[in-house]
Amino acid sequence: MRLDKYLADMCVGSRSQVKQLIRKGSVFINGNKATDPGMAVGDADTVVCDGVTISHRDHFYYMLNKPAGIITATEDNRQQTVLDLFPENMRKRLFPVGRLDKDTVGLLIITDDGALCHELMAPSHHVDKRYLLHTDAPMTEEDVSAFREGLVLNDGTAFKEAELDIDPDDPCSAVITISEGKYHQIKRMLSARGKEVIYLKRLSVGELELDESLGEGEYRELTEQELIILHKKKSNRL
Ligand code: URA
């Protein structure tokens, strides 16, 4: 593969930005300064840019702690999107896995791996998602039972059974586990029980937990261990 394409694919910069880096002498291949953006590199070569080794990888995986006030979309003319939190040269290839409401915070996976996205989001795959929620009125054991049985709204929308774990010290706070991702699902479930959700934070998707050291709006790459967890889910199905 051409060196400039390799660097652009690894999100070092746009094609023209990486050409400039090469001309500036910032890129080394196997210890030798690269001079030609068109020179060939392969998996066996060590590519270093500004002192950082640029390893080849097929996909990118990030954990974002989504802040409130931005939308889960790839682009929008008027509103800030979750991808606006990433450097411009990475935005073209990445997308969010699933959707959180504008006012919801917490774990959002951002990747360019469509197969993983399908694996985690397909309704038939029933991946559990845990959320912390606060309501405007205390939740009760009747709510717990109603969610455990599966709720049907007046408009006929049916939600699968969900686990509601109310905080014994604060009945306006709970952790809920759902296995679907219907539009405004948790808000609609609570609304059907006469409560308004005033705070919602996603804590986990499957076995992947939000890294609480990430501030809202911060992201990091998934670790090897976290990738194994996500991909294990995939291979278990095969
Ligand atoms: N349920 C909701 O109501 N909103 C979210 O953002 C996620 C789940």
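Starting from 1, each residue takes its place in the sequence as its number. Whatever order the structure lists them in is the order used to number ligands and atoms, beginning at 1.
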| query | What class does the angle between the rings of Y62 and F60 fall in, given that below 30° is parallel, 30 to 60° is tilted and above 60° is perpendicular? | reply |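 Aromatic pair Y62/F60 classed parallel.
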
| Check against side chain to side chain contact (heavy atoms under 4.5 Å, CB included), V18 and Y6 | CA-CA 9 Å; V18 301; Y6 179 97; over 6 Å; no

If you measure every N/O of [X] against every N/O of ligand 1, is any gap under 3.5 Å?
{"X": "I186", "value": "yes"}
{"X": "R99", "value": "no"}
{"X": "T104", "value": "yes"}

| request: Kindly check if the number of other-residue, nucleotide or ligand heavy atoms within 6.0 Å of CD (E75) is above 12? | output: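 Count not over threshold, so no.
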
| message | Let me check something: do I166 and Y131 share a hydrophobic cluster, defined by ILVMFWY side-chain heavy atoms less than 4.5 Å apart, either directly or through other members? | response |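 As far as the 4.5 Å side-chain criterion goes, Y131 and I166 are connected within one cluster.
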
| query | Do E196 side-chain atoms and S191 backbone N/O form a donor-acceptor pair below 3.5 Å? | reply |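 Checked: no pair found.
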
| said: Distance under 4.0 Å to a non-hydrogen atom of L100: what atoms of ligand 1 satisfy this? | reply: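 Here the atoms of ligand 1 in question are 6 (O).
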
| task | With heavy atoms under 4.0 Å as the rule, classify the contact between L200 and ligand 1 as side chain, backbone, both or neither. | result |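 Near ligand 1, L200 shows its side chain, while the N, CA, C and O stay back.
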
| query | Considering the options L227, L208, D112, which one meets the side-chain contact (heavy atoms from CB on, under 4.5 Å) requirement together with Y61? | reply |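 Of all the options given, the one that passes is L227.
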
| task | Quick one: look up the protein heavy atom nearest atom 4 (N) of ligand 1 and list residue, atom name and how far away it is. | result |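 Of every protein heavy atom, D101 OD2, 2.7 Å lies nearest to atom 4 (N) of ligand 1.
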
| query | Can you find a non-hydrogen atom of Y183 under 4.0 Å from ligand 1? | reply |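 Under 4.0 Å: no for Y183.
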
